[in-house]
Amino acid sequence: MRIDPPSESITRRDFVRGGSALAGGIVLGRLANRAAAAEQPAVSVYTCRPLLTSALDFEDVSRGHPKPYDLVGAALEAARLTPQSWRLEITADSIITEPVKEPATVSKQFTLEDGTALDLPALMELGRGHGARFIKAMQCLNLAEPLGQGLWEGVPLREVLKLCGPMRNVRRIYYWGFHNNDPSQLFQSSLSYTEAMETPPGELPPFLAYRLNGEPIPLKRGGPVRMVIPWSHGFKSIKWLQRIVVTNDFRANDTYANANNDPDSHLKTAAYITQAPKGPVSGQSATLGGLVMSGLSGLQRVEYWLRPVDPDDTAKDSGDGQGEGNWMPCELEAPPTDWSRILPAGVSSKDVLGFDPKTGAPATWPLRYSMISWFIAITDLKPGQYEFRVRSVDLNGFAQPEPRPLGKAGRNAVESARFEVK
Ligand SMILES: Nc1nc2c(c(=O)[nH]1)N[C@H]1C(S)=C(S)[C@@H](COP(=O)(O)O)O[C@H]1N2
Ligand SMILES: [Mo]
């Protein structure tokens with residue numbers, strides 16, 4: 001078996017000059033002949049999906065009857081889900097339950113009742129001074145594959161909470177969105193006070209987003225305003241945001257925790273297969289590809305293991321991937337050399353968090369909490385039946401699904417695909 005430079009069979013492709021692809025960090029070292037590679041006029045950079053998913057192409061995970069995005073006209077206005085009617089209430093939790101002894105207090109609350117709730121122009125004005133934007137993938141803890149990836153833009157939660165002035169007895173922040181005024185449809189999430197207020201260097205802030213890919217966030221995607229928690233699975237990124245409450249209760253009171261999910265889960269570094277041969281392949285070669293998420297612990301590499309299988313063995317072995325496999329490296333999508341072709345018009349990568357503000361180059365690759373494509377072209381295959389597996393290895397050397405084999409902290413089974421070579 002021999003690993004070739006990528007062939008031409010994965011869907012969308014960009015072409016960049018070989019030299020700049022090298023400068024951009026694409027790994028060509030494992031090509032049999034580096035000099036031969038350098039002679040090529042261009043190196044293909046394959047992507048299974050564009051880096052940014054258009055807002056309406058995200059997979060949708062939304063509760064509610066009716067779904068908030070199905071509301072129209074006066075009902076939509078009454079739900080305060082138009083840019084004009086949207087309001088955000090911020091209050092302190094006055095209810096305390098054992099073992100909490102004292103309630104949280106804030107100097108200033110923002111309520112509908114007294115007409116102080118924040119409106120969209122006020123939030124966007126705050127964003128003019130304290131705005132932030134970053135690229136982040138959305139992924140559901142309970143679904144095998146990421147939902148989409150966007151350039152999110154808005155105001156850090158800490159800047160919004162600062163409007164409340166000095167607070168006392170605050171240990172957690174919880175928040176929810178429109179839920180048809182029906183408590184059973186409530187979808188709530190929470191953060192610790194520290195997570196909300198203190199962003200470590202190199203980390204991205206939790207924030208209230210009002211733009212996606214350079215446009216207002218469509219209703220379908222949780223607009224006018226959506227919470228976006230960079231490091232988390234989707235359930236922390238509450239859509240149709242309307243209410244923030246500060247509390248002295250230290251317990252994570254996320255709706256998702258009630259359904260046996262870990263409310264403190266972080267995005268998991270993991271690879272997914274999106275392109276595999278549908279039928280038998282001829283010509284002794286096969287090209288496979290997919291996506292890899294760079295989760296909390298970052299990404300070191302993506303690797304695959306191809307093994308011949310007995311054609312009569314139809315048992316779908318989705319095993320844990322930890323076998324004594326002959327794991328081989330896959331190619332990774334290189335960082336774009338021209339970000340203006342990826343980002344919305346008028347947005348410079350120098351102004352996007354996670355990029356070097358001087359050079360506009362990504363500070364890490366993949367960007368934290370983002371996904372890129374991987375691919376592999378395998379040649380010189382003998383006729384027969386094969387099983388292909390792929391896995392990520394994080395920066396701590398853990399191969400997927402380790403160190404998190406528990407589905408309740410984020411599904412990330414090692415995916416496999418079978419194909420036949422004629
Ligand atoms: N208000 C509200 N926000 C929500 C949800 C919801 O049902 N209601 N679902 C959450 C879950 S579980 C996920 S995975 C993401 C999905 O985001 P998307 O539909 O934009 O892909 O939204 C989150 N935010
Ligand atoms: Mo989810």
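Side chains included, hydrogens not; waters and symmetry mates left out as well; all remaining heavy atoms used. Just so it is clear, the structure is predicted and the values come from calculations on it, not from any experiment. Counting convention: from 1, in listed order, for ligands and their atoms alike.
Taking only nitrogen or oxygen atoms, main chain and side chain alike, Tyr256 does not reach within less than 3.5 Å of ligand 1. Checking only distances, Ser237 does come within under 3.5 Å of ligand 1, N or O to N or O. For Arg226, a nitrogen or oxygen atom sits less than 3.5 Å from a nitrogen or oxygen atom of ligand 1, counting backbone and side chain alike. No N or O atom of Ser62 sits closer than 3.5 Å to an N or O atom of ligand 1.
Each of the following atoms of ligand 1 lies closer than 4.0 Å to a heavy atom of Asp60: 19 (O). Remark: ligand 1 atoms within the under-4.0 Å shell around heavy atoms of Leu147 are 14 (S), 16 (C), 21 (O). Close approach of ligand 1 to Arg63 is summarised as follows: ligand atoms under 4.0 Å from at least one heavy atom of the residue are 6 (C), 7 (O). Heavy-atom contacts of Arg221 reach the following atoms of ligand 1: 18 (P), 19 (O), 20 (O), 21 (O) (cutoff under 4.0 Å). Taking every non-hydrogen atom of Trp240 and a distance limit under 4.0 Å, the qualifying atoms of ligand 1 come out as 1 (N), 2 (C), 8 (N). Residue Ile238 has at least one heavy-atom neighbour below 4.0 Å for each of these atoms of ligand 1: 3 (N), 24 (N).
For atom 14 (S) of ligand 1, the closest non-hydrogen atom on the protein side is Cys140 CB, 3.3 Å. Of the protein's heavy atoms, Val61 O, 3.1 Å lies nearest to atom 9 (N) of ligand 1. When only non-hydrogen protein atoms are considered, atom 3 (N) of ligand 1 lies nearest to Lys239 N, 2.9 Å. Nearest non-hydrogen protein atom to atom 23 (C) of ligand 1 is Gly234 O, 3.2 Å.
No donor-acceptor distance shorter than 3.5 angstrom exists from the side chain of Glu387 to the backbone of Leu306, with no hydrogens or angles considered. Looking only at distances, no side-chain donor or acceptor of Trp240 sits under 3.5 Å from a matching main-chain atom of Arg80. A distance-only check finds no donor-acceptor pair linking the side chain of His130 to the backbone of Arg128 [under 3.5 Å].
Contact record, Ala196 with Leu161: CB-CD1, 4.1 Å, taken as the closest heavy-atom pair.
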Is there a salt bridge (charged side-chain N to carboxylate O under 4.0 Å, His left out) between Arg158 and Glu198 once you walk through the steps? CA-CA 8 Å; Arg158 61 172 182 268; Glu198 293 179 45; over 6 Å; no

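Arg404 and Ser265 are not linked by any side-chain donor-acceptor pair at a separation below 3.5 angstrom, with hydrogens and angles left out of the test.
For the pair Glu89 and Arg87, the salt-bridge criterion is not met [side-chain N within less than 4.0 Å of a carboxylate O]. In summary, Glu303 and Arg391 engage in a salt bridge, as defined by a charged side-chain N under 4.0 Å from a carboxylate O.
Taking 4.5 Å as the limit, some side-chain heavy atom of Leu291 sits within range of a side-chain heavy atom of Thr274.
No more than 12 heavy atoms of other residues, nucleotides or ligands lie within 6.0 Å of OH in Tyr193, so this atom counts as exposed by the packing criterion.
For Glu59, every heavy-atom contact with ligand 1 shorter than 4.0 Å involves the backbone, none the side chain.
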